[in-house]
Amino acid sequence: PQAINLADYRPPAFQVDQVDLTVDLADRDTRVVARLTVRRARAGATDLTLDGDPAMRLDGVTIDGEPVAETRLTRVAEQLTIADVPERFVLETVTRIDPVDNTRLEGLYKSGGIFCTQCEAEGFRNITFFPDRPDVMARYRVRIEADASAYPVLLSNGNRVEAGTLDGGRHFAVWEDPFPKPSYLFALVAGDLGRLGDSFTTRLGRPVTLNIWAARADLDKCGHAMASLKRAMAWDEQVYGLEYDLDEYNIVAVGDFNMGAMENKSLNVFNTKYVLASPETATDDDYDHIEGVIAHEYFHNWTGNRVTCRDWFQLSLKEGLTVFRDQQFSADMGSAALKRIDDVRVLRSHQFSEDAGPMAHPVRPSSYIEINNFYTTTVYNKGAEVIRMMHTLLGAEGFRRGIDLYFERHDGQAVTCDDFAAAMADAGGVDLGQFKLWYTQAGTPEVHAEGSYDPGAGRYTLTLTQRVPDTPGQTGKAPMHIPVKMALLGPNGQRLDARLAQGEGRADAEGFLLDLREASQQFVFEDVGVRPVASLLRDFSAPVRLTTDQSRDDKLFLLAHDDNAFARWEAGQDLAGDLILGLVADHAAGRALDVDPAFVQAIEQVIADAETDPALVAEIATLPSEVMLGQRMDEVDVDGLFAARQTVRETLGRALAARWQAVYDAASKRLAAGCDAADARQQRRVKNLALGYLGAAGAAGLRLAEAQYDAATTMTDRLAALRVLANADDPARERVLADFYARYEDQPLVIDKWFSIQAVSTRADTVERVAALMDHPAFTLANPNRVRSLVSAFSQLNQVRFHDASGQGYRLLADTVLKVDKLNPQIAARLVGPLGRWRRFDATRRSAMRSELERLVAVSDLSKDVYEIASKSLA
Ligand code: B3K
Ligand code: ZN
């Protein structure tokens, strides 16, 4: 397979101004007539090249009504070339496709009796022949015809301008989208769908009809998604002055979907996972994710649809920015500190490991084989961090001016990350020259901080050094511009009013914002009357790995006193990490695992605050995952890490059992008394944290979990209890697992949880269990959610059991990749990742992982999706 390179970008030779589609829907034989109004855009261009899937049948081509001679047509692989076309013309093609056979779920396909489409990135070419690239923007008029009783609802982008009945029990609808758009935003849906309707009036008084379409039986679970949509619409007006621009906004929920959702203009298609929720079937976290994804897709209407990407290398232009916007929104809807903690957890566990592995790439990649492989946590989450740093550097007002300027310059265009940065630099009056290395240099920068205090002079000197590690294809990188938020704290945790006397940066309301630009830089603070403790990288102001010369006591001090909630949490994570890694060394040396009593005491003090800030307490008292801890080791000691972390959990559970019980009881009491929804979820969070520790401590905790399982009225509580039991060697385990299955058998999203909870179980028999579950009648490789719930959960979240020294986990994963690849290459490629981390493990595991990758690349009809990841993983 061939690589596509950013350096080869050329503007399109032909533009399409208008698309008239007629889609005549039928299960195995859908007929698509496309009339394109084409205009030459590059002088001298004579041949028109269109993208088109080889599986499409081409039934006819005319230009301005005249059939085009066969001799002028060349069809090779994914392209159709028409020789000698005029300067302006109307091209009509007739194609036939089979939506039922489409297991790739890209293009037009059928899911649970519903026809739907997924065109990003390059799915439109599976529906008709087209210059399928985002810098070709056209107006669409779409006529859909289908059987009236099986598909009473017919939807496409924009406004419905016509509808009526046809002979033979069929009917039609015509939709017109007034906004020019790239083909990846085209959508079509037909089915027998229920509707939850609502409305929203924009601040300028435009009434907008809101519809969520879903299976009728699920309509009672759409309320939260609808409420989230309305909140997102209001928020975008308030914070960015961005208003919705059409009369109708439709969301359709389907059960088979490759990702979370898709922002097609005015017709979002969603994975049911990010729409459906009721307290009995969805956890509190599910509620948050739904709110976040609904908002994300809505925000794309401006950041993505009104202004889109020139080419797919610029994907982060819309994704990084829109993730940043949805993060800001969620922070405003709930707690900013908790949201930041959550986002950093995701970044560290997924993006940092991607950045340290064979698929490391910059936020703006410069080469790809299959673009679907680049919808990554780097493009999305690190991309959002890059936007967040601009927000930090420019301040909220400067950032808003930058956004305004961006829309003023580029509304209706397909642009680049450079265009975005230029608008920010111009509006903020800042030089982003060095900063833009964040778009082009891959790898997570490592920052080291050392502080020294001179009591006689009242001077504190902070030395920051940085290093950007080598990544595949990139060595010897330049220092980055890294914004470091920090404060100096006095003995009671108060912020000291020091003066920054040397080093680039400025004081702000919460301390200082330092500009680290050199490989090594000194920052000198004067008027520092007492020995301070530095609170560094507050709010995680840059996506870097920070190490410091701070002592255990400094960290304990920050954990107890830091006024920045994020930094306080970070101090706790850091301490827990130091402790666990110390125990890993003890484990390797055959020493006893003794947990530092100072840490136990510190956690005891933290939980004393459980009444005032339950959710933050729960975050702080949650130990870093084995995956995250493994990143701090030169070679991941799989079993040592598990043993050490488990020892700390059990010790905290036992030593503080009375405390956990008190936390559990207080939260239960508060819940029973009836509290508001926001408080209730905080109480559940801390209650279930306590339950986890009690479960780790011994039998009494398991009985408590069993009782909670049976009495639960919310999925949050039931699942938390099930999780404790699923990890345990307990007679109740099989009973509750069977009960859970029987209760929710007809609810696919809940059955996904049932698969996941067994996949992440730390029990020693988990590999065999996962293998057996793959033969369970409810398991299917055709449904992406189901595959993710079992196989991705196992291989990505269960470090100790996936990396079982027998290599069984690796084999199971590779076998699954090959089977899924036959159905859905995009999903298959997403499974490969964990095998690519082979360099991080010991010799036995390393070679077992490598052989599985070698087995993959040796397969002759492998998709280019899997080929790209597997071959790059071996390189
Ligand atoms: N833009 C889509 C993702 C499309 C993925 C294509 N493989 C959803 C989103 O980011 O909002
Ligand atoms: Zn997005």
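In what follows, residues are counted from 1 in the order of the sequence shown. Computed from heavy atoms alone, side chains included, the values below leave out hydrogens, waters and symmetry copies. Remember, it's 1-based here, ligands and their atoms both numbered in the order they're listed. Please read all numbers here as calculations on a predicted model, not as lab measurements.
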N/O/S atom of E319 under 2.8 Å from the Zn ion (ligand 2), yes or no? yes
Report the nearest protein non-hydrogen atom to atom 10 (O) of ligand 1: residue, atom name, distance rounded to 0.1 Å. Y380 OH, 2.5 Å
If the cut-off is 4.0 Å to any non-hydrogen atom of M262, which atoms of ligand 1 fall inside it? 1 (N), 2 (C)
I need the atoms of ligand 1 closer than 4.0 Å to a non-hydrogen atom of A261, numbered in the order shown. 2 (C), 8 (C)
Between ligand 1 and E319, is the shortest N or O to N or O distance under 3.5 Å? yes
Among V153, L193, D256, which one satisfies side chain to side chain contact (heavy atoms under 4.5 Å, CB included) with I114? L193
At a 4.0 Å cut-off, with the gap strictly under it, does some heavy atom of K318 reach an atom of ligand 1? yes
Can you list the ligand 1 atoms lying under 4.0 Å from a non-hydrogen atom of N372? 6 (C), 7 (N)
Taking E868 for its side chain and E370 for its backbone only, find out whether a donor-acceptor pair lies under 3.5 Å. yes
Residues D177 and R139 bridged, charged N to O under 4.0 Å: no
For N301 and D245, which I'm curious about, is there any donor-acceptor pair between the side chains at under 3.5 Å? yes
Going by the rule salt bridge (Lys or Arg N to Asp or Glu O under 4.0 Å), which residues pair with E319 if we only count those two or more places apart in sequence or in a different chain? none
Atom indices of ligand 1, in the order listed, that fall short of 4.0 Å to a heavy atom of Q826: 7 (N)
Taking the minimum heavy-atom distance to atom 4 (C) of ligand 1, which of H300, R830, E120 ranks first? E120
E237 with K230: basic N within carboxylate O range, under 4.0 Å: no
Between K436 and D418, is there a side-chain N and carboxylate O pair less than 4.0 Å apart? yes
Rounded to 10°, how many degrees is the angle NE2/H300-the Zn ion (ligand 2)-NE2/H296? 100°
Those atoms of ligand 1 less than 4.0 Å from some heavy atom in E263: 1 (N), 2 (C), 8 (C), 9 (C), 11 (O)
Could you walk me through whether T322 and H300 pass side-chain hydrogen bond (donor to acceptor under 3.5 Å, both in side chains), step by step? CA-CA 6 Å; T322 305; H300 266 317; 3.2 Å; yes
Can you list everything that forms a salt bridge (Lys or Arg N to Asp or Glu O under 4.0 Å) with E291? Sequence neighbours excluded, please. R231
Enumerate the atoms of ligand 1 whose separation from the nearest heavy atom of M259 is less than 4.0 angstrom. 4 (C), 5 (C)
Check this for me - ligand 1, Y375, N or O atoms closer than 3.5 angstrom, yes or no? no
